[in-house]
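Both ligands and their constituent atoms are indexed starting at 1 by order of listing. Nothing fancy with the numbering, it's 1 onward along the sequence.
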Amino acid sequence: MNHKISFKKISTLFFAIFAPFLAKAQNPNWAQHIAPILYQNCTPCHINGGIAPFSLVGYTNAQGMASSIAGSVESKRMPPWPANTKYKRYAHERILSASEIESIKQWANNNAPSGNLNLAPADPTPIVGSQIANATIKLKMPNYTVNTSSDLYRCFVLPTNIPQNEYVTALEVIPGNRQIVHHVLVFQDTSIIPVNLDNADSGPGYVAFGGTGSQTSQLIGVYVPGQEPFQFPNGFGAKLLKNTRIILQIHYPGGINSQLDSTKVYLKTTSNTLRQIFIEPILNHQNSNMTNGPLYIPANEIKTFNTKYSVNSKATIFSVAPHMHLIGRSIKAYGLTPTNDTIKFIDIPKWDFHWQRTYSFVKPVIVQPNDKLWGEARYDNTTANPYNPNNPPLAVSKGEGTADEMMLIYFWYAAYKPGDENIVVDTSTLKNISSTVLLKKLDAKLSPNPIQNYLDFNSNEPITEINIFTLEGQKVANYQLDRLKKGRIDISNKPVGMYIIELKSPEKSSRTKMLIE
Ligand code: HEC
């Protein structure tokens, strides 16, 4: 494709001309230059027991992955941050600067030198448990054993039993098992529908993909791995209704065998009246709001839909969170003033259902009566869309199922008061948070390296499971073992290449990168 080649040429030219002026380290080494970048941006997920398939803590791990690291940051696949930062910047962003990317590239091209290891930052310290102080409501879902070959979306209903309305000032989701909890949507609902759905499904919780299955559920929070607890700006809170139930909708990716999860949600609440933050899908797929609805995408077609909302009272907007399913490929939200000035909210050029999150503005965005808000979403219902749940494609319409679609853009907003434009959503607090490590590091000897046909393992712990992942994080093999401390597995059918070998005992785990020859 022509435009790709010319883009590459232009970017090479860019670096040839401008790279000398970028504030990058000369001859970057791991200890002084690379470790600080990885510990800030990668190890919240790439840590033993984290959601990513391998750890980037320590020199050996980073050195072994140097060229993949460089490739992933150059292509901007990592760290995952789907919003276009050329369009709009956010608080608590996790993205790398051009000079950080350049340093990583140079380091990798230069054989990934360690530098003086005494100068390296301390390994990220695992945080166990809660990060918000003085939570007033602590809820835990029942133990649930996850067994799933394909993506599983399951809702768990947790009664709050609060005797009066309260305001939530901070919300934290604490995954029970960080290796399998890919995202969590937190809803509240006072209706009986989620309870009925739960009763109709055996085991704890019930299956629901796009939401909770109840029209009256209100979103109050979103968790993705590595995301800091959500703190509402000072003086603001989300209203929690008397006797409401919290519903956690959890996404467990496919390929999970007999893993236990018991995720918690902690809320900091007050019975004082605060300025209320409303969390609503202001831009949505209701036919009456769409200019070219209904949301219906025939098989083998690519369609773009537009939806609008006319602002009727002055409002202070803190955050946005777009939501589509698997046919959705891009989504954008903006406002237009009566004089046609653009108010930018968000642009996600490559929608990825698996990395949806809340984006908070650094300063709130104020909208006024007569402003029009617009949402634009593109859907690709052809076989070219790798996430298409149907092959051959089938017609898709509005709904909550995996194979249905949605177009929702949630806004976190409050009624405007003078001075709101001066609020700064703090980017310094709650930023340097690394992940909880629930599983301790397991010591095991694996041999031979490179692996030829067989892998021998030897450990002090009883091994119950061995997994093999590609460097792209795809699980290609799973072996269930009967608490063996020593043993051999047959790998003769795996293609040659680098893999991540994961060993698990009931309490510990380890991941090692190895070559299969
Ligand atoms: C929010 C969690 C998260 C953060 C932060 C993160 N990763 Fe990842 N990373 C993952 C997951 C999960 C995978 C497995 C594949 C997938 O699901 O996309 C992965 C896969 C990878 C891969 C292999 C696949 C690929 O795309 O190349 C590399 C290399 C990688 N990450 C490097 C990094 C680096 C370097 C950083 C920091 C600059 C980083 N990651 C930050 C979660 C994360």
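Interface atoms of ligand 1 facing V73, defined by a heavy-atom separation under 4.0 Å, are 35 (C), 38 (C). The contact set between ligand 1 and N41, taken as ligand atoms under 4.0 Å from a residue heavy atom, comprises 5 (C), 37 (C), 41 (C). Against a heavy-atom cut-off of under 4.0 Å, S68 is close to the following atoms of ligand 1: 29 (C). Under a 4.0 Å criterion applied to the non-hydrogen atoms of C45, ligand 1 contributes the atoms 1 (C), 2 (C), 3 (C), 4 (C), 5 (C), 42 (C), 43 (C).
At least one heavy atom of P53 sits under 4.0 Å from some atom of ligand 1.
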**Request:** Before giving the answer on ring-ring contact (aromatic ring centres under 6.0 Å, His included), spell out for F318 and F361 the whole-Å C-alpha distance, their side-chain angles and the decisive distance to 0.1 Å.
**Result:** CA-CA 6 Å; F318 291 100; F361 306 122; 8.9 Å; no

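Contacts between R94 and ligand 1 below 4.0 angstrom, taking non-hydrogen atoms only, involve the side chain exclusively. Counting heavy atoms under 4.0 Å from ligand 1, residue F54 touches it through the side chain alone.
Counted by atom type alone, E502 and Q179 present one or more donor-acceptor pairs between their side chains at under 3.5 Å. For the residue pair N84/D347, the side-chain donor-acceptor check at 3.5 Å is satisfied.
A cation-pi arrangement is absent between K344 and Y334, since the terminal nitrogen or guanidinium carbon is not both under 6.0 Å from the aromatic centre and inside a 45° cone about the axis.
Ring centroid separation for the pair F411 and F345 comes in under the 6.0 Å cut-off. Under the 6.0 Å cut-off for aromatic ring centres, W355 and H182 qualify, their centroids lying closer than that.
Look at S72 and atom 8 (Fe) of ligand 1: no N/O/S atom of the residue is under 2.8 Å from the metal. Atom 8 (Fe) of ligand 1 has no N, O or S atom of C42 under 2.8 Å away, backbone or side chain.
Atom NZ of K76 has 12 or fewer neighbouring heavy atoms from other residues, nucleotides or ligands inside a 6.0 Å radius.
Between NE2 of H46 and SD of M78, the angle at atom 8 (Fe) of ligand 1 works out to 170°, rounded to 10 degrees.
In this comparison of G50, A52, G71, S67, the heavy atom closest to atom 10 (C) of ligand 1 sits on A52.
Between H251 and Y153, the ring-plane angle classifies as parallel under the 30° and 60° cut-offs.
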